[in-house]
2 protein chains.
Amino acid sequence: MATLTVGQAEGLVARALVRCRTSEVNAAVVARALVAAEADGLKGHGLSRVSTYAAQARIGKVDGFATPSVERRRPGAAAIDAANGFAFPAIEAALALLPEMTRAAGVACAAIRRSHHCGAAGHPVERLAERGLVAMMFANTPAAIAPWGAAKPVFGTNPIAFACPLPDRSPVVVDLALSKMARGNILAAKQKGERIPEGWALDADGKPTTDPDAALAGTMLPLGDAKGTALVLMVELLAAGLTGAHFAADASSFLDDKGPPPGTGQLIVAFDPAAFGGSDGHVARLIASIEEQAGARLPGSRRIALRRKAASDGLQLSDALLKDIEAL
Amino acid sequence: MATLTVGQAEGLVARALVRCRTSEVNAAVVARALVAAEADGLKGHGLSRVSTYAAQARIGKVDGFATPSVERRRPGAAAIDAANGFAFPAIEAALALLPEMTRAAGVACAAIRRSHHCGAAGHPVERLAERGLVAMMFANTPAAIAPWGAAKPVFGTNPIAFACPLPDRSPVVVDLALSKMARGNILAAKQKGERIPEGWALDADGKPTTDPDAALAGTMLPLGDAKGTALVLMVELLAAGLTGAHFAADASSFLDDKGPPPGTGQLIVAFDPAAFGGSDGHVARLIASIEEQAGARLPGSRRIALRRKAASDGLQLSDALLKDIEAL
């Protein structure tokens with residue numbers, strides 16, 4: 001086990017990506033995103049991704065040199081072409097535009113197409129909330145969930161993320177994949193050689209499995225069964241239908257270096273609270289009514305605690321993971 | 001059992017409301033909304049509501065004479081004060097504004113406060129989709145769901161609705177309360193003297209119950225457990241936090257004539273697909289990949305079939321329900 005500061009980890013990852021056909025600028029942005037996920041304890045979106053990202057950049061499944069292009073089509077609408085590069089530079093482009101657009105129009109939206117794995121979906125919306133905006137992100141992912149009552153997966157695990165500013169403290173952040181479990185957790189279990197709990201996934205024949213390989217080859221179970229599958233369809237239509245990105249069934253895997261670019265999509269929506277009827281104090285009262293109850297906690301609070309610990313104590317990397325990244 | 005045409009049912013409901021301190025204009029709008037829900041088979045949001053609506057109008061818990069006021073605060077933002085009237089006139093005001101605002105700004109949002117029960121949440125978004133827009137609605141309801149791990153309900157059952165236009169056919173419509181079951185279904189069971197299935201709700205002591213009265217006095221279970229509760233919080237913050245409406249715990253019941261007005265909120269967001277990267281044909285391919293699978297069906301398709309049947313064969317009303325409405 002090795003201990004690295006957040007800055008050291010970012011440097012390690014960025015240097016590895018630059019050696020694998022990625023520009024310095026993009027490598028720094030990607031490294032920051034993966035290390036931030038790792039620091040928040042979201043290992044499925046953290047450093048476990050470095051070797052697959054690097055392998056994809058090396059063969060051009062993701063274009064490490066891509067520059068996202070932005071079209072501001074309406075006062076509240078930006079269409080961003082990630083140009084089959086990593087998602088994070090396109091998300092940065094959206095975050096650079098949205099605050100000003102949202103203040104002017106009241107609500108604004110960035111639609112990202114030809115994109116890639118969006119990582120920890122809570123992070124972009126959290127950064128918008130730190131600027132005083134209420135924000136949502138919808139993303140699609142390669143096919144993993146079947147229509148309710150059917151067998152062939154045509155939806156991703158399709159995360160929904162949401163953040164809302166709170167007075168004098170970190171924003172409240174909701175970030176959840178619509179599968180019962182995030183696919184990244186299965187990947188992390190596979191890398192650690194562990195089995196997964198029953199109820200997360202079905203194998204390719206539609207039977208329950210605890211084997212991460214069988215789960216990755218099969219389908220994920222949605223939260224909330226039929227209702228959850230309707231939410232998954234909604235996110236597919238927002239993140240890929242509205243943006244013009246590949247639907248799940250047309251998206252190649254985020255997890256290997258085979259096939260064309262995934263081409264998935266992300267839709268980020270931001271609201272200026274000052275343009276509507278709410279106020280910081282109003283929201284704070286709801287938050288208090290949650291936190292005053294024994295046993296309850298605010299979504300995202302565990303991440304913030306882990307993030308603080310990583311900032312003060314550094315990140316713990318297994319020797320195997322460190323060796324994998326250094327070997328790139 | 002009596003059979004009424006849709007028009008006869010609307011007239012019956014509107015006349016009943018007018019006799020209970022509601023303006024002709026508002027009564028017609030409310031009657032249309034309740035009959036549309038009944039025709040779609042959504043009995044919990046249909047004619048079962050007439051007697052409680054009328055009782056609330058009679059004592060002023062809902063102001064049947066209210067006129068919603070609209071402030072267009074930004075190119076994409078409208079704040080609507082429902083003035084403690086029925087929700088439907090305020091929703092009509094939003095639907096009148098949003099298409100033009102959305103075409104101009106790319107995305108637009110109406111935030112409704114001091115509102116009431118929004119009925120079938122799928123209907124407003126469906127009407128926006130019939131105008132070619134992708135639309136979402138978030139609504140909060142009186143307290144029914146506790147924070148995960150806690151006992152006191154501070155969230156409503158908080159529906160999410162979504163609609164997307166499809167080429168040459170009705171829009172796809174997602175409409176779901178975030179409780180495992182809609183509270184309206186429990187009300188309908190109570191009115192029919194039936195028990196509810198286990199798994200829908202907990203009683204006031206947090207124990208599973210099949211008694212609709214015990215369920216209405218207790219809390220609802222969210223779909224997807226902890227993750228679902230995070231979605232419920234998200235909707236509470238969008239529908240009441242952003243709009244300035246009452247949070248669930250401050251909202252009086254939709255189901256009785258006691259206490260002050262509920263004062264709940266609705267947030268409607270509309271996107272112009274032409275402002276982003278998608279197209280009708282793109283979306284149609286996803287829909288085909290669902291419908292070509294045996295056992296799968298599109299959300300909302302059952303409602304449309306029932307609606308057509310109601311239009312041709314009329315609505316079936318029980319004698320008891322008809323007598324209740326005529327007695328008002």
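Note on naming: letters A, B, ... go to the chains in the order of the sequence lines (proteins, then strands), and numbering restarts at 1 for each one. Here the structure is a predicted model, which means the values were calculated and not measured. All values below were derived from every heavy atom in this structure, side-chain atoms included, with hydrogens, water molecules and symmetry-related copies excluded.
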Please list every donor-acceptor pair under 3.5 Å in which a side-chain atom of residues 129-138 of chain A meets a protein atom from a residue at least two apart or in another chain.
none

| query | Does a side-chain heavy-atom distance below 4.5 Å link B:F162 with A:L233? | reply |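 Not in contact.
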
Of the non-hydrogen atoms in [X] and [Y], which two are nearest, and what is the gap between them?
| X | Y | result |
| --- | --- | --- |
| A:V283 | B:F247 | CA-CZ, 4.1 Å |
| B:P299 | A:A230 | CG-CB, 4.1 Å |
| A:L286 | B:V154 | CD1-O, 3.9 Å |
| A:P273 | B:L242 | CA-CD1, 3.7 Å |

| said: With rounding to the nearest 0.5 angstrom, report the CD1 to CZ distance, B:I112 to A:F276. | reply: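 One gets 11.5 Å once the value is rounded to the nearest 0.5 Å.
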
| said: If you count heavy-atom pairs within less than 4.5 Å of chain B, which of A:A146, A:G277, A:S289, A:A151 leads? | reply: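 Highest number of heavy-atom pairs under 4.5 Å: A:G277.
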
| query | Highest number of heavy-atom pairs under 4.5 Å with chain B: which of A:L298, A:D272, A:V172? | reply |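 Option with the greatest count: A:D272.
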
So which of [options] has the largest heavy-atom pair count under 4.5 angstrom toward chain A?
| options | result |
| --- | --- |
| B:A79, B:A105, B:G149, B:G76 | B:A105 |
| B:A104, B:G228, B:A110 | B:A104 |
| B:I160, B:L176, B:L223 | B:L176 |
| B:G300, B:P147, B:A296, B:A275 | B:A275 |

Is it the side chain or the backbone of [X] that comes within 4.5 Å of chain B heavy atoms, both, or neither?
| X | result |
| --- | --- |
| A:T243 | backbone |
| A:A274 | both |
| A:D250 | side chain |
| A:A294 | backbone |

[X] versus chain A, the contacting section by heavy-atom distance below 4.5 Å:
| X | answer |
| --- | --- |
| B:A78 | backbone |
| B:T102 | backbone |
| B:A163 | neither |
| B:S279 | backbone |
| B:A226 | neither |
| B:E291 | neither |
| B:C109 | both |

Using a 3.5 Å distance criterion without hydrogens, assess whether the side chain of [X] forms a donor-acceptor pair with backbone atoms of [Y].
| X | Y | value |
| --- | --- | --- |
| A:R74 | B:V107 | no |
| B:H282 | A:A245 | yes |
| A:Q293 | B:K152 | yes |

| query | When you look at A:L238 and B:F271, which way does the side-chain contact (heavy atoms from CB on, under 4.5 Å) test go after all the steps? | reply | CA-CA 10 Å; A:L238 287 166; B:F271 305 88; 4.1 Å; yes

| Where along residues 261-270 of chain A does a heavy atom come under 4.5 Å of chain B, listed by residue number? |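 The residues closer than 4.5 Å to chain B, in numerical order, are A:L267, A:V269.
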
| field | B:V174 vs A:L237, side-chain contact (heavy atoms from CB on, under 4.5 Å): CA-CA, chis, key distance, verdict | value | CA-CA 11 Å; B:V174 169; A:L237 286 168; over 6 Å; no

